[in-house]
Amino acid sequence: MPSFLAEQTSIWYQKNARDLPWRHEGVGAWAILISEVMLQQTPVSRVLTVWQEWIERWPSPADLAAEPAGEAIRAWGRLGYPRRAMRLHECAGEIVRRHGGEVPDELDKLLALPGIGDYTARAVLSFAFGQRHPVVDTNVRRVVSRVHHGVEDRAIGLAEVAELLPLGQSDAALASAALMELGAVVCAARSPRCGVCPVMAECRWKQLGSPQPEKPFRRPQSYAGTDRQVRGLLLAVLRESAAPVPRHRLDLVWPDGVQRERALQSLLADGLVQAQSCDVFLLPDSTPAQ
DNA sequence: ATCCGGTTGT
DNA sequence: ACAACTGGAT
């Protein structure tokens, strides 16, 4: 059932899509997969340079799999959520071992890879292989919720999005990209630009006066002072050091010894950091087994 | 339901 | 200060 939303947004997208490098002709599935992982919870502007470095350095899964995980973590830079870099490295290894070094083009095989969930698996199938799948991220959820239901935060499932996509594979893939783009550029969470929206005339949310969502209750959860910040500070020291780092240098980044130790232990548990001895640490440097 | 980063726009 | 940013794993 091709919907008004999918059709109009696709038309709009073909004239207004941002020129992002991973959308260029000839970009392979591996490079697109990398872009999708990097874009998880991370704005486009910050992904651009790191993505370019990655695809030049590791143009195939085998290239990344051949290096220690620490190199992926180092090259991740300050993108945030560095476990994504580690999972991407594991993912490359799985692709080499189980899929002959080629990114699989089947849903169940992608979902079985580390770091690849419901969103990323379908995004790769749609944008790299031109298949028809519901690609549901926070943008699509917001667009469909607003336009069809007139509310900000209604739960939007895969089936609901699948129903509104065009039937043709490439048309559906185009519509998926278009819905995400609309959510990112026009139907923004904070400052929607309804004046330039291609579906304004049929938007329930606009008709209802753009009602704000009910905020049930949300913890303040500031970043400053959290374990997350301390993990980031510790990892930054290890990233920027070519040589293993003695504990006393890590002690400098955060005054609270208890929290510092807890953060270090969690990094070790995640596999983001490796202990060379009891007081010397480094990024994972073991060359992966073939 | 929670944890997991780091930057930018408001 | 604060949410938002093309989520995934536990």
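Proteins come first, then strands; the chains are lettered A, B, ... in the order of their sequence lines, and each starts at number 1. Side chains included, hydrogens not; waters and symmetry mates left out as well; all remaining heavy atoms used.
Residue Arg83(A) is in base contact, counting any heavy-atom pair closer than 4.0 Å across all strands shown. As judged by a 4.0 angstrom heavy-atom cut-off over every strand, Val44(A) is placed among the base-contacting residues. Using a 4.0 Å heavy-atom distance criterion, Gly117(A) is classed as a sugar-phosphate-only contact. Residue Asp118(A) is in sugar-phosphate contact alone, with no base atom involved, counting any heavy-atom pair closer than 4.0 Å across all strands shown. Nucleic acid contact for Leu235(A): none, since no nucleic acid atom lies under 4.0 Å from a heavy atom of the residue. Residue contacts for Trp76(A): at a heavy-atom cut-off of 4.0 Å it reaches no nucleic acid atom on any strand shown. At a threshold of 4.0 angstrom between heavy atoms, the contacts of Thr120(A) are confined to the sugar-phosphate backbone, with no base atom among them. When heavy atoms are screened at a 4.0 angstrom cut-off, Glu36(A) is found touching base atoms of the nucleic acid.
Taking the P atom of each, dA3(C) and dC3(B) are spaced 16 Å apart, rounded to whole Å. Remark: the separation of the P atoms in dT7(B) and dG8(C) is 23 Å, to the nearest Å.
A straight line from CZ of Arg262(A) to P of dC3(B) spans 11 Å, rounded to a whole angstrom. Here the C1' atom of nucleotide dC4(B) and the CG atom of Leu267(A) are 11 Å apart, to the nearest Å. Leu111(A) has its CG atom 9 Å from the P atom of dA9(C), to the nearest Å. Atom P of nucleotide dG8(C) and atom CG of Leu110(A) are separated by 12 Å, given to the nearest angstrom. Counting to the nearest Å, the P atom of dG7(C) and the CZ atom of Arg142(A) are 10 Å from each other. In this entry the distance linking CE of Met180(A) with C1' of dC5(C) reads 12 Å, nearest Å. As rounded to whole Å, 12 Å separates atom P of dC5(C) from atom CZ of Arg141(A). Atom CG of Leu233(A) and atom P of dT7(B) are 10 Å apart (whole Å).
When each of dA4(C), dG6(B), dG7(C) is scored by its nearest atom to the side-chain atoms of Thr138(A), the top-ranked nucleotide is dG7(C). Each of dT10(B), dT7(B), dC4(B) was ranked by its minimum atom distance to the side chain of Ser191(A); first place goes to dT10(B). Distances from the side chain of Gln40(A) to the nucleotides dG7(C), dC5(C), dA9(C) place dG7(C) closest. The side chain of Ala189(A) approaches dA4(C) more closely than any other nucleotide in the set dG5(B), dA4(C), dA9(C). Here the nucleotide nearest the side chain of Gln41(A), chosen from dG6(B), dG7(C), dC5(C), is dG7(C).
Between Arg78(A) and dT7(B), a side-chain N or O to OP1/OP2 separation shorter than 4.0 Å is present. At the phosphate of dG6(B), OP1 or OP2 sits under 4.0 Å from a side-chain N or O atom of Tyr223(A).
Listed for the Arg146(A) side chain is no donor-acceptor partner under 3.5 Å among the backbone atoms of Cys203(A). Looking at Thr9(A), its side chain never comes within 3.5 Å of a backbone N or O of Leu179(A) through a donor-acceptor pair. A donor-acceptor pair under 3.5 Å links the side-chain atoms of Arg84(A) to the main chain of Gln40(A), judged by distance alone. Judged by distance alone, with hydrogens and angles left aside, the side-chain atoms of Arg78(A) form no donor-acceptor pair with the main-chain N or O of Gly232(A) at under 3.5 Å. No side-chain donor-acceptor contact under 3.5 Å links Glu261(A) to the backbone of Asp256(A).
Side-chain contact of Asp285(A) with Gln274(A): a donor-acceptor pair under 3.5 Å is present, judged by distance alone.
Heavy-atom distances to DNA chain B give each of Thr42(A) and Ser45(A) a nearest nucleotide, and the one nearer the 5′ end belongs to Thr42(A). Between Arg190(A) and Gly232(A), the residue whose closest nucleotide on DNA chain B is further toward the 5' end is Gly232(A). Residue-to-nucleotide proximity on DNA chain C shows that, of Gly115(A) and Phe127(A), the 5′-proximal contact is made by Phe127(A).
When all heavy atoms of Asn139(A) and Arg142(A) are compared, the pair lying nearest together is OD1-NH2, 2.7 Å.
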